Amino acid sequence: GSASASASASAESGVASGVASGALLALRTQVVFYLAQAYAALHRAHDSAHYCQQTLLFQLEAETKAEGPESGVRRFEGTKFNADEWYKNCAGLVNYFINQDRYRDAEQCLLACDAVVTRHLEGAIPPAPAPLHQMAAARERLEEAEADMNRRWGIFYLNILKDAALEFKDKEGGEIEVETEEPPVSKVQIDFKGLNLGPCTAPLVSKVTSFEAARDVFKLCGARLAKAKAYYQLDGFVTDHVALCKDASCAFKWLAVFEQDEKRKTAMFGRALALLTPLLAQLGRQAYEGELKTLSWEAGEIATEMVEMKQERIAKKKEANPAYVPSRVEVQKSNAYCAQALEAFEKFAKFYRKAKPVPLFDLPKPGDEGSDEESEYDDAEDKARKALKRAEKAKAAAEEALGGELDIPDDELELHLRAHFYIARLHGKVLPSPGDSGESMVAGLRNSLKKYEWLAKFAKERIELLPKKPKPKTILDDPDAPFLEPDKCFKSELQIVEQMIELIPLQISNELRRGATVGR
């Protein structure tokens with residue numbers, strides 16, 4: 001009797017100990033989780049990432065200890081392991097590790113996510129006797145998680161390709177010096193115990209030093225993004241689909257950095273552009289204006305790069321043979337790229353014009369009464385009032401003709417001005433066809449000059465309206481958020497604008513004289 005009572009007391013003591021242990025584990029995990037959130041709100045990324053990492057490890061530890069009843073650890077309400085939440089929080093650390101050049105830790109996080117998705121979500125699909133709706137819901141959760149992980153792996157490889165391309169561009173002449181010593185191996189600093197993860201196999205940035213190596217990373221990236229796009233269709237997942245198309249486009253651009261053949265490089269940029277341009281026609285402005293802005297800007301940049309490459313190739317041929325005349329095909333291709341870039345940047349600039357809402361019925365406007373025409377009976381005050389009224393009418397008519405009133409946030413002003421700057425430059429890059437007396441080129445130069453003259457005035461007026469001092473920041477504001485200083489905004493571009501206003505009339509005169517000589 002005493003032996004059984006002792007055994008019972010011992011069991012009860014063990015259970016109580018397990019309950020206390022479980023409560024402490026849950027409390028510890030919750031406190032660390034709150035610390036991660038608090039530091040994130042204070043924009044202290046390093047501290048937030050540290051506590052987020054600790055939270056994930058504690059959750060994984062509690063899940064491992066609670067696998068069986070013999071562990072003595074009981075679950076409490078709210079502490080059940082959530083596989084969806086865990087893998088998404090873990091995947092959120094990937095961007096932090098990439099920014100710290102800790103690619104092995106980033107890969108370790110992705111491998112841990114894959115393991116959790118496989119173990120908990122794939123294993124959560126009920127067997128055949130279960131109701132069909134439960135099986136379908138579980139399978140849908142798994143498919144969504146797998147698509148999400150494919151996207152995250154694709155972005156991981158894209159970042160490797162991007163960083164390798166930037167290092168490649170930094171080398172003089174695009175040549176990478178062969179290092180005599182082996183670069184240090186990126187060691188894993190985060191360890192997800194209990195998941196039995198495999199080794200990290202992703203190529204390190206330092207190893208991607210040739211087109212062949214870059215192409216291998218590009219293939220890994222492309223395969224993952226293609227799998228993700230198969231799930232995130234445009235019809236139903238617009239934002240996700242657009243983001244995947246932009247990532248795939250960027251992959252072509254970064255791969256092109258390693259390509260030495262100009263024709264193949266141009267073809268890669270063409271593929272990058274082809275991934276973006278259809279979306280500009282498929283998305284509606286009212287719902288997806290932000291996405292359309294980004295797409296039109298990136299399409300303009302790609303097309304401009306294609307113009308530069310094509311005209312640089314023509315310039316090299318002229319340098320080798322001063323008598324060389326570009327073929328009709330070369331001119332047509334260059335001007336076609338130019339037209340694509342112009343269309344994209346003009347579309348981007350138009351997104352900052354907001355159409356006025358149509359009123360339900362006409363309302364009298366202030367100052368509408370009376371004519372704005374001056375008469376011999378007007379005094380100085382009447383003349384000034386009527387002149388102001390005429391100026392307001394002219395401005396309203398101009399705004400309406402352009403498609404609405406301008407609405408440019410201060411933090412986007414420089415980007416908007418730069419779009420107009422690129423438009424002016426592109427007008428001046430139109431090439432004349434063989435046999436052309438130069439009329440098309442002169443027309444392009446005149447359009448360029450007109451845009452530069454408008455931009456010089458417009459930029460100065462808008463920059464003058466920018467706040468001179470940043471707003472006082474609170475503890476929750478990002479301390480690293482940039483402030484657009486009026487003195488530095490669009491400064492270098494504005495200097496070029498003023499120079500071009502002086503140079504283009506000389507270019508026009510030279511072209512007119514050349515055309516007159518050709519016409520004789």
Side-chain angles (χ1 to χ4, degrees), residues 253 269 272-273 276-277 280 289-290 292-312 315 334-354 398-399 401-431 440-466 482-508 511:
K253 289 195 298 182
F269 273 91
L273 186 61
L276 305 180
T277 48
L280 291 170
E289 182 171 287
L292 286 169
K293 276 184 183 179
T294 306
L295 288 169
S296 56
W297 179 267
E298 292 187 5
E301 282 191 320
I302 294 170
T304 301
E305 187 69 26
M306 295 170 75
V307 174
E308 299 289 349
M309 287 190 292
K310 191 68 178 177
Q311 295 198 359
E312 184 180 349
S334 177
N335 289 345
Y337 300 150
C338 205
Q340 285 179 295
L342 279 168
E343 182 182 4
F345 283 126
E346 285 171 353
K347 188 184 290 287
F348 175 85
K350 285 180 181 177
F351 286 127
Y352 291 92
R353 292 199 172 273
K354 309 296 181 184
E399 297 284 1
L402 289 169
E405 293 182 349
L406 271 176
D407 181 14
I408 310 172
D410 290 345
D411 59 343
E412 296 181 35
L413 175 61
E414 194 164 23
L415 205 60
H416 180 79
L417 296 176
R418 198 169 289 132
H420 285 290
F421 177 74
Y422 291 152
I423 291 170
R425 283 187 62 203
L426 287 162
H427 276 304
K429 287 185 173 293
V430 176
L431 297 179
S440 60
M441 191 167 186
V442 169
L445 288 170
R446 283 175 175 160
N447 289 333
S448 179
L449 178 60
K450 183 178 178 181
K451 174 62 80 171
Y452 277 129
E453 289 174 338
W454 171 86
L455 183 57
K457 180 182 177 183
F458 176 76
K460 291 174 183 176
E461 290 175 352
R462 294 306 298 242
I463 292 171
E464 186 64 28
L465 298 176
L466 289 174
F483 168 67
L484 187 59
E485 299 181 33
D487 294 340
K488 296 180 180 179
C489 177
F490 202 60
K491 184 177 180 180
S492 58
E493 290 90 345
L494 200 53
Q495 291 174 347
I496 297 174
V497 167
E498 292 170 349
Q499 292 171 4
M500 296 307 293
I501 291 173
E502 295 179 1
L503 291 173
I504 290 179
L506 299 177
Q507 289 181 273
I508 293 174
E511 284 299 320

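Every value quoted in this text rests on a predicted model; they were computed, and no experiment measured them. Residue numbers run from 1 in the order of the sequence given.
- Between atom NZ of residue Lys451 and atom CZ of residue Arg425 there is a gap of 15.0 Å, rounded to the nearest 0.5 Å.
- In this structure, Ser448 contributes its side chain and Ala424 its backbone to a donor-acceptor pair below 3.5 Å.
- The pair Glu414-Lys488 does not count as a salt bridge, with every side-chain nitrogen at least 4.0 angstrom from each carboxylate oxygen.
- To the nearest 0.5 angstrom, Asp487 atom CG is 9.5 Å from Ile463 atom CD1.
- Rounded to the nearest 0.5 Å, atoms CZ (Phe351) and CD (Glu412) are 12.0 Å apart.
- Here Asn447 contributes atom CG and Ile504 contributes atom CD1; the two are 10.0 Å apart, rounded to the nearest 0.5 Å.
- Between Ala299 and Leu273 the shortest heavy-atom distance is O-CD1, 3.5 Å.
- Note that the CG atom of Leu417 and the OH atom of Tyr422 stand 11.5 Å from one another [nearest 0.5 Å].
- A distance of 5.5 Å separates CG of Leu280 from CG of Leu295, quoted to the nearest 0.5 Å.
- In terms of heavy-atom proximity, Leu426 sits nearest to Ala341 at CD1-CB, 3.6 Å.
- Between the side chain of Glu298 and the backbone N or O of Leu276, no donor-acceptor pair lies under 3.5 Å.
- Under the 4.5 Å side-chain criterion, counting only non-hydrogen atoms from C-beta, Lys293 is not in contact with Leu415.
- Ring pair His416/Tyr352 is perpendicular by interplanar angle, where above 60° counts as perpendicular and below 30° as parallel.
- Crowding of Gln507 atom CD: a count of heavy atoms from other residues, nucleotides or ligands under 6.0 Å exceeding 12.
- Listed here is the closest heavy atom pair of Cys338 and Val430: SG-CG2, 4.4 Å.
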Run His420 and Phe345 through side chain to side chain contact (heavy atoms under 4.5 Å, CB included) and show every step you take. CA-CA 7 Å; His420 285 290; Phe345 283 126; over 6 Å; no
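- Under 4.0 Å is where a charged nitrogen must lie from a carboxylate oxygen, and between Lys354 and Glu289 at least one such pair does.
- Evaluation of the side chain to side chain donor-acceptor pair (under 3.5 Å) test over residues 489-499, restricted to residues two or more places apart or in two chains, returns Arg418-Glu493, Lys460-Glu498.
- A salt bridge is absent between Lys253 and Glu305; no separation between the charged side-chain nitrogens and carboxylate oxygens falls under 4.0 Å.
- Between the side chain of Asn335 and the backbone N or O of Leu431 there is at least one donor-acceptor pair closer than 3.5 Å.
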